[in-house]
Every structure is written in structure tokens, then in C-alpha cells.
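Computed over heavy atoms, backbone and side chain alike; hydrogens, waters and symmetry mates excluded. All figures in this text were calculated on a predicted structure; none of them were measured in a lab.
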Amino acid sequence: MPQTPVSVVVVTGSRAEQASFDLPAAIDVVDAARIRDTQPRVNLSEALVAIPGVVVQNRQNYAQDLQISSRGFGARSAFGVRGVRLITDGIPATMPDGQGQAATFNLDMAERIEVLRGPFSALYGNHSGGVVQLFTRDGKGPPEVEFSAVAGSDGMHKYDLNASGQAGQIGYVLDGSRFETDGYRAHSAATREQGYAKLTVPISKDGKLTVVANSLHQRDTQDPLGITWATFQRDPRAGEIDTSDTQSPQRTFADRYDTRKSIDHQQAGLQWQQNFGANRLQLTVYGGNREVIQYQSFSRAFQAPATHSGGVVDFDRDFHGVDLNWRDVRTLAGGTLRTTIGLEYASSKDARQGYENFVGDQFGVRGRLRRDEQNDLSSLDPYVQTEWEGGRWVLTAGLRRTSLDVDVTDDFVSNGNDSGGVDYSGTAPVLGALYKLTPSLNLYASAARGFETPTLNELFYSGTGGGFNFGLRPSRSTNLEAGVKTMLGADSRLDLALFQVRTDGELTVDASSGGRTSYRNAGETLRRGVELSFDTRFGPGLNARVAANVLRATYEDGFGTIPAGNRLPGVPRASLYGELGWTASDGKLGAALETLATGKVNPDDANTATPAPGYGIVNARVQARQEIGQWRFKQFARLNNLFDRDYIGSVIVGDSNRRFYEPAPGRNWVLGISAQYQFR
């Protein structure tokens, strides 16, 4: 059931509990009911679809993860998430260079997700667009055990078993799940296994230790690749045929090269908090390992230049980090001054190899070594944030200094020595002010100077065949926002934000082919837009939500053959989410209609390729719950894309082979049940 449209408490943005209504920033909260009750809890896109300004595309490709962008930042990512900071239980799910993986989020145990956009995101480090922070529930009260099962179209199944509660004073949460699908698109089957554990231990009257661990395993996840516009029109499910395959003329690239990815990811962390009255000391420490083997479709294997690193990527990454901060609260000038000062350090080390993806005339197998190197990244970020609240005013200021070191040691020098390094540094200042015009109407404005370095994946290649591109510069953004937050009676809330982001040195695609993408710096870009969200309850058990945004994102300066005025690729011009729901007075039945509409999207900088057309779809859902003694039962059913529209769900920006398009499913269904037993 959706949450009541009130001023919920958040920590993202201010690093301390504060009503979102009184924060001078655009921030939304997705509660546990919206995350868990009527969704399979497989992809973050299920939960974030109702957030204005954030586009989370399910690519129907579990080998490449979701495509997440905030106000256009992150839309050009070839895989994974960049430009948006990911955090779970206070521990970064984003690496030091700004690249993250949303698949590591555990949605089964989620309590809420906070989504921050705009200037205040600069306080979280090396990114520009926003922050997505997930909080899992704490183990409390009597022990309980829950089992859930979900089934859906295209052979989708998911099973989850979890337990939570308290043993003495120690709270615990344990969860394990398995997801599998045949995939909507050809060659897109996947299996995913996840594990999660959380312990909360009171250290003293005013202290607490939280320990978390999670794992993600995906073996031989098929990669369907992108397709051309002509193939989409012929059959949205089909793969792209490899016309160079003379032995099997109708075989697709994905089938010929057996494109796939295997992922083994595990990490653990602890967070210690000690309160000293109103003040607080907090220490977060984490570490983990990520192993990836990916088979790509490089169709010119025999003509590859000597510097080419092959069609098989194999890397083993160790990462760790620490964040220490102190929050001080005191009175000043008749108001309250809250100051947080901290230091964050993060490091990752990759042992990375590349191999040819053929042996003789057999493709999709590991061949000769073509790349062998170690990539070392480390970042050190001191930061300070202060907020003064008095009378009708809330004034906020912050400063973060980012220093990122990238070092490469090349152990495969027969094709040239790519050893080297590059250092990036930048300062991100933030200012914000909120004025409480009335008890139910707040006005605010904020500004920041953002800083975003190239990710390691963007440094890997230069041009179509070169090695590391140490010449890439960081991009710097001037981010402005003004907004209104108002309560319309006791049951309605409206948030409106206007923003402008001017970026110098935006990273754009230079070349993209054979599973590898190289980048270059463009000139100045400009994003201007408006975001609106509205929540209300009305009538007998009725509720509604509207989330909408309009965004104009353009190149202000021309570069190469790209003229000024072209639209940034991968960025929808507008999007709309609407929901009308009903809940029975006893809360045991519910139903809703959802609508999602998105404007057209250009897949290339030149704006000459066929844009992915705008679309609108309608989803329907119903849910029920019962309680019998110590048992609690839940059921739900979803019918997505009710009118069976064919549409492009996401695009691969700048693909040199013009295989830009990743189709979304037609009409599809999901059924779910769960049973929970609570011990006394």
C-alpha cells in the first residue's frame, strides 16, 4: 500500500535525520510497501519508476545491468551505472571512479529507498546526477520466517527465504533468493542468486554496531546485444543476424559468439555509531571482491589491430574503503547549527586480462591472451557540511574535495606498453536555502559546482583500436535548482523543482564497436528542466500519485562533426508516471492502475539515427493479505503493458554498428505469493 503523502524523514542530503519537507533539495522516498508488496523485487526499475527526473531502464539484458540516469546524467553508460551514486546501508555500491552496479541491491529486505537529485548530490563525491540510497530493515521483535515465490512471463521464477528478529539484544536479518528467466529477447536467459545478512548490536546505551554482508552470483548470463531499427520492426524479440557468417547465414551475433557474462560479487562492511548527547561519531568500513568473465561479439576477429585487447574480458577486483565523520550540534544565533565533518577513502585493484574470443574457426571460446594488466584506483575525499535552522530559515553549505589516482601496470607489452597513470582532483561547493513561507509551504534554492571524472571503463580505450586514454579530462558542472514544497490539506503534497545544469567537458562516445566503447570530451552542454510530484488520498480508500518531468538537454558547443544545438543522446525529452489506487478500509485488499509515458530518445550524438519513439503503457495490479493466528499471507498479480505495445525500452548510445535498440516486453504477467510465520 502506498505511503501517506506526509513529510517523511530522510538522511540522504543532510547526513542526519531530517524531514524531507524541510530539506532544500529534490528528494523522494520509496517505502517498503511500494518496493515489496506488488513487485517481483528483481530490478531497481520496479521501485524507481515513480520518481520524477530519474529514468531507470530495464534493458532486458541481465548481463549489462540496469541503465539509470538522473536529469540526464548516466544515460550514455554502456553498462552498469555511472553518474549516479549508489549506496546501501551506508556502504557505497559505487567504486572510486564512479561506476556502480544496481544488481547488488537487495530489494527483498528493503525498508526504503531515498532518491536525491540536483546540487546536493555533489556532497557525495565523484558524480553529477544524483544519489540512490537503499536502507534495509533492522531485525526487531520475535523471530519470524518468510517464504515467497514469484512466477511470470518468459519462464520467470523467483524464490526467496528470509528470517529476522532478535536474539537477546542482537537484531538479525538473513535472506537468500534465486531468480531465473528464459528472457524476453532472444539469447537473454539469466540466473541470479543473492544472499544477504545484517546484524545490529547495541554497544552501549548510546552506541550501535551494524554488520552487513551480501553476495551476488550470476553464471553464464546471456547477452542479447542491441539490434538495428530494421530488426526491431521485423521482430522485437529477435537478435541481430551476423551477415558475415557464411556457414550459418541466419545465425545472430549473440549466438555465433555465445555472448555472455558471469559475475561473482561479495562484500561485507560494518558501521559503528556512538552518540555523545546530540553529537555523533560514525565509522564505516567495508571491503569486497568482484570477479567478471564476459564474452563479447567482436565480428572482425581476424582483422583486429595489434593493440586490440580481444573479445573476452576477465577481471578480478578487490575493493575496500572507510568513511569517518563527526556530527556536531549546537545553538547559534537563536537557531540550531548542525555540522558534519568527515573523510572518505576508497580503493580498488583489478587484475585484468583480455583474450581472443575464438580458437581457429570456433567462436565464443577463450583464445590467445591479448591483454594483461593491473588497474589501481584510490580516492581520498575530505568533506564538511553545515546547516543552520532558525525561525523560518534553513541555510545549508557544504564542501567536498575529491582526489582520484589511476595507475595502470601493463604486463602484456608485445603490442605496446600501456602502463601509465593519471590523477584527477576537484572541489565541489554546495549552497542551499529554504524559507518556510507558511507551515505548509516551503520555498528553496540551491547551487553547486559538480565534479565528475572518467570511469575506469571510459579510460580503457582510445579511438577504435588504441589502449588507455589518459588524455580524458573530468567534466565540471554548475548546478542550479529552485523549488516549492507544499502540503495541500492533511492528505496531499506537491513538490515542484526547476533546474539548470551547465557542464564543461561532458564525456561523449568517440567510437563504439565490438563490445568496447571509447570516449572523448565535448564542449559545453546545457540541461534545463522541471520536475513535479504529487501525492494525495481522497474518497473511500482512494489514492493517487503523479510524477512528471520535462528535460531539454543539448550541446551548447559543437565538436567534431556534431553541431551546437543537438540533443544529448539517451535522454528522454519528457516522462510521466501516474497511478490511481484503491485500498479496502481494513487494508486486506488493494488494486491500482499505473501509466508510464516517455518521450522519444536519440541514440547518437549526430541525431541522425532513428530516435527510439515515445511510448505510453498501462499496468494493472491487485493484492491481498490475510492473517491466521501467527501466519501472515500475501498475494499479488500484475499485468504489465496491458495493451501490448511494442516499444524500445532503452538505447545503447553511440553504437558504431547502429545496433542501438533494446526492445521492452509486450503484454506480460507476474504472480506472487508469500507466507510469514512469527514465533512468540
Side-chain angles (χ1 to χ4, degrees), residues 69-78 80-85 94-100 119 121-122 124-129 346 348 375-381 399-408 418-429 448-479 500-512 516-527 553-564 566 568-571 605 653-654:
S69 65
S70 176
R71 297 184 176 177
F73 289 99
R76 67 174 66 254
S77 179
V81 180
R82 55 98 63 220
V84 178
R85 183 83 163 179
T94 297
M95 294 293 105
D97 61 341
Q99 188 92 22
S121 64
Y124 287 82
N126 182 19
H127 57 88
S128 294
S348 68
N375 312 134
D376 296 316
L377 282 77
S378 64
S379 64
L380 185 66
D381 289 33
L399 191 69
R400 185 172 182 126
R401 175 73 177 179
T402 293
S403 299
L404 175 68
D405 296 335
V406 181
D407 292 302
V408 178
D418 278 333
S419 297
V422 61
D423 298 336
Y424 299 109
S425 61
T427 302
R449 180 72 171 160
F451 172 78
E452 184 175 23
T453 69
T455 67
L456 189 60
N457 290 319
E458 290 160 345
L459 291 169
F460 277 150
Y461 310 106
S462 57
T464 57
F468 265 83
N469 189 356
F470 293 117
L472 284 180
R473 297 179 288 108
S475 60
R476 301 176 187 271
S477 301
T478 301
N479 199 328
Q500 174 181 291
V501 187
R502 193 177 294 274
T503 303
D504 181 57
E506 181 102 23
L507 289 173
T508 65
V509 172
D510 183 21
S512 180
R516 57 189 38 78
T517 304
S518 60
Y519 295 83
R520 60 178 172 176
N521 291 102
E524 190 174 273
T525 62
L526 180 64
R527 294 168 170 85
T554 58
Y555 290 108
E556 291 298 284
D557 296 331
F559 63 99
T561 60
I562 309 303
N566 271 23
L568 269 64
V571 181
D605 287 313
V653 171

With the side chain counted from C-beta on, respond yes when [X] and [Y] share a heavy-atom pair under 4.5 Å apart, and no when they do not.
X      : Y      : answer
Leu507 : Ser475 : no
Thr427 : Phe451 : no
Leu456 : Met95  : no
Phe468 : Val422 : no
Tyr555 : Thr508 : yes

Mark yes or no for whether [X], through its side chain, and [Y], through its backbone, hold a donor-acceptor pair below 3.5 Å.
X      : Y      : answer
Arg527 : Thr503 : no
Asn566 : Asp605 : yes
Asn521 : Arg473 : yes
Asp557 : Glu524 : yes
Ser70  : Gly129 : yes

Compare every heavy atom of [Y] with every heavy atom of [X], then report the nearest pair and how far apart it is.
X      : Y      : value
Gly125 : Arg400 : CA-NE, 3.3 Å
Val653 : Pro569 : CG1-CG, 3.6 Å
Ser379 : Pro96  : OG-CB, 3.8 Å
Gly426 : Arg476 : CA-NH1, 3.9 Å
Thr453 : Pro474 : CA-CB, 4.0 Å
Arg76  : Tyr519 : O-OH, 3.9 Å

Reference residue Leu377; test side-chain contact (heavy atoms from CB on, under 4.5 Å); the match among Leu459, Asp97, Val408:
Asp97
Hey, could you give me the [atom1]/[atom2] distance between [X] and [Y], rounded to the nearest 0.5 Å?
X      : Y      : atom1 : atom2 : result
Asn375 : Ser348 : CG    : OG    : 8.0 Å
Phe73  : Glu506 : CZ    : CD    : 6.0 Å
Asn457 : Arg82  : CG    : CZ    : 10.0 Å
Ser518 : Leu472 : OG    : CG    : 9.0 Å
Arg71  : Ser477 : CZ    : OG    : 12.0 Å
Asp381 : Ser403 : CG    : OG    : 7.0 Å

Donor-acceptor pair between Asn126 and Thr402 side chains, under 3.5 angstrom:
no
